[in-house]
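For reference, the structure is listed below as structure tokens.
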Amino acid sequence: MNDALYHDALMALAKDRTHAAALPPGTGVTVDNPLCGDRVTLDGKLENGIARDLRHKVRGCALCQASAAALARVLDGKPAATAIAEAQVAVESVLAGGPAPAPWDAFAPVARHKSRHDCVKLPFSAVKSLFSGT
Amino acid sequence: MNDALYHDALMALAKDRTHAAALPPGTGVTVDNPLCGDRVTLDGKLENGIARDLRHKVRGCALCQASAAALARVLDGKPAATAIAEAQVAVESVLAGGPAPAPWDAFAPVARHKSRHDCVKLPFSAVKSLFSGT
Amino acid sequence: MTLRRHFPLLNRPGPRIAYLDSGATAQTPDIVLDAVRKFETHSRANVKRGVHRLAEAATEAYAKAREQVAAYLSVSADEIVFTSGCTGAINLAAHSFGTLLKPGDEIAVSELEHHSNIVPWHMLATRSGVKVNFLPIDGEGRVVVQTLSPRTKLVALAHVSNVTGAVLDVAAIVAEAKRVGARVLLDGAQRTPHGPVDIPALGVDFYAFSGHKTFAPHGVGVLWAKAELLDAMPPFLGGGEMIASVTTQGFTPAKAPAKFEAGTPPISGAIGLGAACAWLATLDWAAIAAHELRLTGRLLDGLRAVDGVTVIGPQGLQCRAPVVSFDLADAHPHDICQIMDRHGVALRGGHHCAQPLHAKFDLAGTTRASLALYCEDADIDLFFAGLAEAKRVLT
Amino acid sequence: MTLRRHFPLLNRPGPRIAYLDSGATAQTPDIVLDAVRKFETHSRANVKRGVHRLAEAATEAYAKAREQVAAYLSVSADEIVFTSGCTGAINLAAHSFGTLLKPGDEIAVSELEHHSNIVPWHMLATRSGVKVNFLPIDGEGRVVVQTLSPRTKLVALAHVSNVTGAVLDVAAIVAEAKRVGARVLLDGAQRTPHGPVDIPALGVDFYAFSGHKTFAPHGVGVLWAKAELLDAMPPFLGGGEMIASVTTQGFTPAKAPAKFEAGTPPISGAIGLGAACAWLATLDWAAIAAHELRLTGRLLDGLRAVDGVTVIGPQGLQCRAPVVSFDLADAHPHDICQIMDRHGVALRGGHHCAQPLHAKFDLAGTTRASLALYCEDADIDLFFAGLAEAKRVLT
Ligand SMILES: Cc1ncc(COP(=O)(O)O)c(C=O)c1O
Ligand SMILES: Cc1ncc(COP(=O)(O)O)c(C=O)c1O
């Protein structure tokens, strides 16, 4: 793992548009980090517990973008509850300086930058809020 | 002049009861220094510009007592305006570290203690207030 | 005791300084000076929002300070609000908690309070029609725990009196406050210099104290309050960092503790206070308390033996902090302090920002000796040498 | 320029720190650190009322600091109120001057204000029914001086914007304020680091600023106000030292400035700020201003040459302080700052506590470089090296 935060794997995630969409206001759920102005909007649905049609819109930094893309990627088409739990474990490990499977290993250099942890975590708040009604 | 503040000449002034009196409330004028709690009550009258019957009551420190006694001593029986002005010049000189005639020379060591200057000056506020109506 | 060696001012070459004015401002140890200097020369920056390395280091140091202070009080760090001082902390409570009160509600303080725990409540009374009641004190300068009016919403009392040294009977006050459903605020300004405080064990709702009396820099203090109260209370000061969002129409406050820390906080002061608390937490407080009490005993015994001296406060050592105030015949406290100063003894004379207490004892002022962990027998020796001279000259 | 050598943090061994975040907190020179250290190790005590030698020395040092600050602003020392910071100063004005206002009275601020000069007025509006109006800003981020409503009682504006760097047209504002009989408060937080301020020549009524942005410690600030206003205004915070007398029935405030300095003030901070002002007053400000402006010109020219960069603020150097904020295509300011940090460049990204301004420009945030007297060409070189890298990675 490179020490530079913005290494290629991370920037590739940040620029990954697979699940990105121009979600109009009122779609899905929106969460904010007032401290840095990041804002994540996330939409999608559950079919028999399987996450489908995940789409995100991020007004935020590259770390937040990358985290939203990674989350959409590992969730889409998977049993939501388990997949979210696994992703959560992975991201907490990697931010604490521990190991994590791909794509979360891309966030390893963020561990040293406490002030940026919330950027990575914001999409997790969004997904929990999106699926909390179910 | 001794460096000790409370040398004999000063304490003699502080303990000089010549013009001291138990002035009942409402007599003369009273001035306060809220910072240190000193309070001076001064009474007396003017006869053709001559100060007469000067009496003081001081609830305050030795410096304030001494200053009140010195002031009563140099004023009593003298033309008030000139005597007050002379005393004022003397006390300002001595507090600035300069020379002064007796009895004000007793205050020379106070010059170094700025926090105590107001103690010496309080009786001057009282006398000016007492005779200001005239 | 060897704690004195940590305090550079007390170890300057030259005649000994018997610093018996710790109740006004305590001296500060190397460890605090070094923590502040390290911040200023290695990680000085503004906190929060910054992502460069200095800002990250400053933010972490500030967060760590909050943890260190919280640990000293056995509370959670997000219940710690950094303020400008104990006075700032009590004013915050008076404004923010005060706006939750209604006309006719009552607040109880006592006759022995420091002006900083009286005037903010007088001001609240004027603003909002709340009534301020004064619990009486007894002849030894202790708060008398009385039946509270059922309209009492807050009881705000000094944990330790800065004049009499009396330690409040917190359990009795908390029990009576609970009975009427009132909150309890303790002014801990004179308590925190004498060891860690177990706030949960006290069962109070607010706790306020000052950095500079707790061996830390001036310009910083702490208000601790229960999370539920911090959540319920509106902010006091407005500005940067205490908001979630601002428009031309209004603003939404941030969550506590940020909500109560408007503008750039006293960063270096907080770091110094954190270092002080962390250091204090390592000390042997059973030994220090015994030492402080023994010296207090020497003061009380020695003063009792001086003709014309009256000690204002508890005559014994029970429930007593090392603060001793006295009256010497007709001598003015400033004269006593001035003469003592020539002997290298630092005392304080006057009303000690407690005029109602002095009015109660019919005195304009008293002379106060207040000790801290660095005081030694030699300081008490100098005190009595100076006092003999003061008595000779002044009476 | 050789001023950089006075700043220990900037002279640490290791790679250069291009500190371009002085608008958030400026670095502090040896002379300030030494003044504070000297206080802590030679005359630490509480101020006022104390007559022992340490208390006398502390009181004198604190009084001298007030004189030094007053001299820096060309005003009288008893019009200087020490506060906890610029935010504390504006809150003081909002409360104390605010209580003199009546429902229906109006206050004018602008869209470019720092939250510390918006939220206190929003809060006052909620408390007392005063209305807050926002003067618009133009495309270059300058306040547009408009006809004021005749009900305007106060105009509160940044002397220098912390985002756009625009220097306010004070003469035009003061003329318009005079016309309607309004007072003028300047938020000088971003102005005082760039040389002495001649307040009488400005003709304003209040002036607020922070120590930590003026090379001094955190936790101290200043509110200057005309003596007649200080006399007319009721106190804000209650506590020790701000009273003439206290009883169980109420209190009588002391005279200004003591009336506004409740509790133990930030003594060491004030002494540090005094030392900073005294040092700044000795410098060649014509040369420094030219130097700061030349570096600002390099920033503006260089940024103009970068594809996708928009500078938010005046494009030229006229009436401009060395604060430059910009937007780079879609890149998030925090990402830019983080990459710049790897090049040793300290910048700040975000809304800079000026959300209404950013809303006006339809941006969530900007990236800001803010200079001070210790900046050099090498810092600007590093800035552009870092920016090229940020652009390459992020866009
Ligand atoms: C009991 C008590 N409360 C409050 C205060 C006020 O503390 P500060 O002046 O540090 O705000 C003091 C100290 O003067 C005190 O002794
Ligand atoms: C223009 C302006 N006003 C007010 C403030 C608030 O200053 P402080 O946070 O030091 O109280 C700042 C700094 O953040 C500022 O830049």
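Letters A, B, ... mirror the listed sequences (proteins, then strands); counts begin at 1. What you see is a predicted model; the values in this text were computed from it and never measured.
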Side chain, backbone, both or neither: which part of [X] has an atom under 4.5 Å from a heavy atom of chain D?
| X | answer |
| --- | --- |
| C:H95 | side chain |
| C:E113 | neither |
| C:F236 | both |
| C:I90 | neither |
| C:A359 | neither |

> Taking the side chain as C-beta and beyond, is there a heavy-atom pair between C:F209 and C:L273 under 4.5 Å?
Replying inline: yes
> Can you check whether D:L20 reaches D:V345 side chain to side chain, under 4.5 Å on heavy atoms?
Replying inline: yes
> Looking at D:I118, D:L9, D:T87, which makes the most heavy-atom pairs under 4.5 Å with chain C?
Replying inline: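 Of D:I118, D:L9, D:T87, D:L9 has the most heavy-atom pairs under 4.5 Å with chain C.
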> Do the rings of C:Y374 and C:F215 sit parallel, tilted or perpendicular, given the 30° and 60° boundaries?
Replying inline: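 Answer is perpendicular, since the angle exceeds 60°.
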> What orientation do C:F134 and C:H122 show, parallel under 30°, tilted 30 to 60°, or perpendicular over 60°?
Replying inline: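 C:F134 vs C:H122 ring planes: tilted.
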>> At a 4.5 Å cut-off on heavy atoms, which part of D:P333 comes close to chain C: side chain, backbone, both, or neither?
In response: neither
> Excluding sequence neighbours, so at least two apart, what forms side-chain contact (heavy atoms from CB on, under 4.5 Å) with D:A58?
Replying inline: D:F39, D:A45, D:V47
